[in-house]
Participant: 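Here's a structure for you.
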Amino acid sequence: MVKPPTIELAVGWVLRGGVWVACTFVVLGATAYLAMHGGEVFKPRHEFTGQPSTLTNPLSIVASALSGEPLAIMQLGVVALIATPVVRVLTSLVHFLVERDWFYCVVTLLVLSMLVWGLF
Amino acid sequence: MTSALFTLILFASSVGAGLLGSLTGLGGGIIITPVLVLGFGVDIRYAVGASLIAVIATSSGAAAAFVREGFTNVRIAMLLEVATVAGAITGALIATNTPPGVILLVFGIVLIYTAYSSIVAKTSKPHEGPMDPLAQRLKLSGSYPLKDGTLEAYSPRRIPLGFTLMYGAGVLSALIGIGSGVIKVLAMDRAMGLPFKVSTTTSNFMIGVTAAASAGVYLHRGQIDPVLAAPVALGALVGAFLGAKILPGAKVVTLRRIFAAVVVVVALQMIYKGVTSW
């Protein structure tokens, strides 16, 4: 069975779009961060102390980023990156819905729910 | 050193990792975690977090290009992703209870296995003969373009085995911050009898989802530090894009030999570090 190219194109689109969005955030945040802290001596994370809650919860990250905190903006980019494959799975779900491929809709929903569960 | 310099070096290393990972289809995570741990002395938990983000970047960057070429099989990917995502979440959950030394050790062993299979792996011939009935029922067969433009049909077999291997790949991915591209490609190429380029591109396609599953959990645990994850992800992305451009003409065997040599050295160091931390 030859696969029609549309889904592949859509998926490619989604992935690239997501990556660009993520990169924009990351670059913006990183530039701001380096502008403020670039000359400081860097402590290379030898010990694991965990991240503040403004950087671990997607909703808090958005809030913090909106208030202009550079680390949060970078983390927002990171979250956007994590979201890219998730959105990709979502696109596949839509495709299977359109094709009325119910079995694969269920399969995709399964994957999607596990992903979302982990993220939130 | 200063933050700026550190960021720059981290970025450059990640470009290399992304390039190599994308060209060999094995993922950059396997390079980035050791670089962070051995090269920069980062705690393994942060290293795994940052590496997973880079893995997602690599996967999304490269997959976008491959999908256009028509090699990736979306149905096979989706079905197997049930296994890898379940595995990844399992792995992320047990990772908290796993001492860092153990993680390092596991990493070293996986690396050695990677090196071994990189050299030894000969692509198996696609299975001739009647289609596996399960593959037929699940609509998993497809076709891909050969160099001369004609389409070659294929169909997977031994799907339950592939599924199980994918679960393991997911657990490993979460535990040590890699994309598990090796296991995925091996599972598809050897166990399921898929053509090599379909295996590698489909694997690349799945790697991002697997990594996202555990990355989500790690985000919550505070294991993702943007100062590390940001340059690493950007660098890996650049490397992956370059790799995707070069791939169609690349000689995978030679690449893997170089990769394998480097990997053995790194593996030994990781094992050493894991053992001495007890």
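Hydrogens, waters and symmetry mates are skipped; everything else that's a heavy atom, side chains included, is used. All chains are named by letter (A, B, ...) in the order of the sequence lines, taking the proteins before the strands, and each is independently numbered beginning at 1.
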Participant: With a 3.5 Å cut-off and no angle check, do the side chains of A/S92 and A/Y104 form a donor-acceptor pair?
Facilitator: no
Participant: Please flag which part of B/I53 lies under 4.5 Å from any non-hydrogen atom of chain A: side chain, backbone, both or neither.
Facilitator: both
Participant: Between A/V79 and chain B, which part of the residue has a heavy atom less than 4.5 Å away: side chain, backbone, both or neither?
Facilitator: side chain
Participant: Compute the ring centroids of A/F103 and A/F96, then answer whether they are less than 6.0 Å apart.
Facilitator: no
Participant: Taking the side chain as C-beta and beyond, is there a heavy-atom pair between A/V89 and B/M78 under 4.5 Å?
Facilitator: yes
Participant: In terms of heavy-atom pairs under 4.5 Å with chain B, which of A/V86, A/V26, A/I61 leads?
Facilitator: A/V26
Participant: Taking side chain as everything from C-beta outward and backbone as N, CA, C, O, which of these in A/L71 sits under 4.5 Å from a heavy atom of chain B? Side chain, backbone, both or neither.
Facilitator: both
Participant: Could you go through A/Y33 and B/T7, starting from their C-alpha distance and side-chain angles, then the distance that decides it, and tell me whether this counts as side chain to side chain donor-acceptor pair (under 3.5 Å)?
Facilitator: CA-CA 11 Å; A/Y33 179 77; B/T7 308; over 6 Å; no
Participant: Can you name the nearest heavy-atom pair linking A/L115 to B/V209, along with the distance?
Facilitator: CD2-O, 3.6 Å
Participant: If I measure from the heavy atoms of chain A, does B/L5 come under 4.5 Å with its side chain, its backbone, both, or neither?
Facilitator: neither
Participant: Could you have a look at A/V27, A/D101, A/I73 and say which one has the most heavy-atom pairs with chain B under 4.5 angstrom?
Facilitator: A/D101
Participant: In this structure, are over 12 heavy atoms from other groups packed under 6.0 Å from A/F25 atom CZ?
Facilitator: no
Participant: Sort B/A86 into side chain, backbone, both or neither according to what part of it lies under 4.5 angstrom from a heavy atom of chain A.
Facilitator: both
Participant: Please answer whether the main-chain N or O of B/A92 pairs with a side-chain N or O of B/S214 as donor and acceptor at a distance below 3.5 Å.
Facilitator: no
Participant: Which one wins on heavy-atom pair count under 4.5 Å against chain B: A/V116, A/L81, A/T84, A/I82?
Facilitator: A/I82
Participant: As an exercise: rank B/D225, B/V227, B/T210, B/V37 by heavy-atom pairs under 4.5 Å with chain A and give me the winner.
Facilitator: B/D225
Participant: Given a strict heavy-atom distance threshold of 4.5 Å, which part of B/L219 is in contact with chain A: side chain, backbone, both, or neither?
Facilitator: both
